[in-house]
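Take a look at the structure set out below.
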Protein chains: 2
Amino acid sequence: MTVWDRPEPPTRPAPLDRERIVAAAVALADEGGLEAVSLRKVAARLDVGPMRLYGYISTKEELFDLMVDEVHAEILPEERPGDWREALRGHAHRTRRAALRHEWLADLLGGRPALGPNALAVSEATLSAFDGRTDIDVVMRAVETVSAYFTGAIRREVADLRAERATGLSKDEWQRASGPYLTRMLDTGRFPALARLVHDGTDVDAETSFSTGLDWILDAVAAKLGEPPV
Amino acid sequence: MTVWDRPEPPTRPAPLDRERIVAAAVALADEGGLEAVSLRKVAARLDVGPMRLYGYISTKEELFDLMVDEVHAEILPEERPGDWREALRGHAHRTRRAALRHEWLADLLGGRPALGPNALAVSEATLSAFDGRTDIDVVMRAVETVSAYFTGAIRREVADLRAERATGLSKDEWQRASGPYLTRMLDTGRFPALARLVHDGTDVDAETSFSTGLDWILDAVAAKLGEPPV
DNA sequence: TATAGATAGAATACAGTGTATCGACATGAG
DNA sequence: CTCATGTCGATACACTGTATTCTATCTATA
């Protein structure tokens, strides 16, 4: 009679709590996207009836909010940023990387105010890089502008990624050669400027494009904060 | 026997087409948000069985795409913009206004590539304001940056609007006084920079904030396009 | 004209969804 | 031991997107 043939005790399910629920939901979303997250599936993954969840969560939207806050833990900077520029840039890039790890984040980003503790901590970290500044309205505008930018940019990047994946073609192939509908549209001659851009524009990788736009905005912010232009 | 007592002919339903379907869907969404749009309700509004729609649309997502393109008709500029700056600014503001008329647009914006004819026409209009420029990569980055910004900014604005509406409180009241959860969080002292900003920051109306951020970015773009700083 | 075939449309069906409600059971208090 | 309380599971409801199947109506041919 060893450990191995002795039957395990009737494994009473590990006690439920929000953390476990959110973790299960995140796992599901990572695997199959947001639409793979259903309360029934989350519950199943925890060996629990669907209704149990309502003891910890009052609606599915709330679960989504919790998921968003959960990944904000990954967005927290590890060390104090050197200056405000580094803080804003880091915030943007870490959010982007989190969204590439959890693509469903792109669907939720900006969809509702993010007020969870981790999200607040992220804001705090970013803002604290502006400590000592008195022009706090400019600071506020700066943070808002940058986060509007990266929200939009990340959404677009993920959207493009999915579209690309759906056709199984590389972006280059898709845009230039085959993508039959778009090619046809551009060939109508109704969109000359657009056609020229698609045809002659060099396409840069997503990260560079993200960074470039971000840096432009940071330059603008610097100007508004009264720093001398480079 | 007048027209009035003569029974109408058995009103055979107006012939179905995409336009009518999309219009019905948009109407539903305007009234009750995106979640009020179900194929059954759209069909019902057209006095038609749900399955009829599949002759014109192959999936619900496709319907959403069509809806997005439909409102892009409202985003088309009425007259040719004076210069690129006016073009970009106009594009942003018209998109914002469209999203305030059709809040559900905020949920869809940036969620998938917008390639419908109207969306393409909007891009074309914007791009054509750069006609004659040879630095087309810079132009591309400029357009992308600006549209990333307004996508994100619009989403946040609508999200805030809804949150505000949900509590029935004015933004001011909500942020400062009652919003019990947030106040409690800020009172923990864990978010001093954030607390200070919420407390001391003057809150400007959404439109001004949108415009300000946009203008900053346009300034940055101008710099990159090699125009002298103001 | 009669009949076969094609086709458009409705009805039904299925596998899921979020969530309200209700009933059993366990646990703690008197 | 009894009773109250409160937790948890099962059941139920109204709805979703979409596949399939059936039934009329129209077309074309014999």
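Proteins get letters first, then strands, A, B, ... in listed order; numbering begins at 1 in each. Since we're looking at a predicted model, the values are computed, not measured.
With salt bridges taken as basic N to acidic carboxylate O contacts below 4.0 Å, one links B:R165 and B:E103. Of the charged side-chain nitrogens involved, at least one lies within less than 4.0 Å of a carboxylate oxygen, so that B:R162 and B:D107 count as a salt-bridged pair.
In summary, the side chains of A:H91 and A:S123 do not present any donor paired with an acceptor at a separation below 3.5 Å, with no hydrogens or angles considered.
Between the P atom of C:dT17 and the CZ atom of A:F64 lies a distance of 12 Å, rounded to the nearest Å. Going from atom CG of B:D47 over to atom P of C:dG9 covers 14 Å, rounded to whole Å. If you measure from atom CG of A:L63 to atom P of C:dT17, you get 14 Å, rounded to the nearest angstrom. B:L53 places its CG atom 12 Å from the P atom of C:dG9, with the value rounded to the nearest Å.
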- prompt: For every nucleotide of nucleotides 14-21 of chain D, 5' to 3': is a protein heavy atom under 4.0 Å from its base (B), only from its sugar-phosphate (S), or from neither (-)?
  reply: --BBBB--
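Listed pair B:R52 / C:dA10 meets the phosphate criterion, a side-chain N or O lying under 4.0 Å from OP1 or OP2.
Taken from CD in B:E124 to CE in A:M185, the straight-line distance is 12.0 Å, to the nearest 0.5 Å.
With a 6.0 Å radius and a threshold of 12 heavy atoms from other residues, nucleotides or ligands, B:E31 has its CD atom above the threshold. Residue B:E62 places its CD atom among more than 12 non-hydrogen atoms of other residues, nucleotides or ligands, all under 6.0 Å distant.
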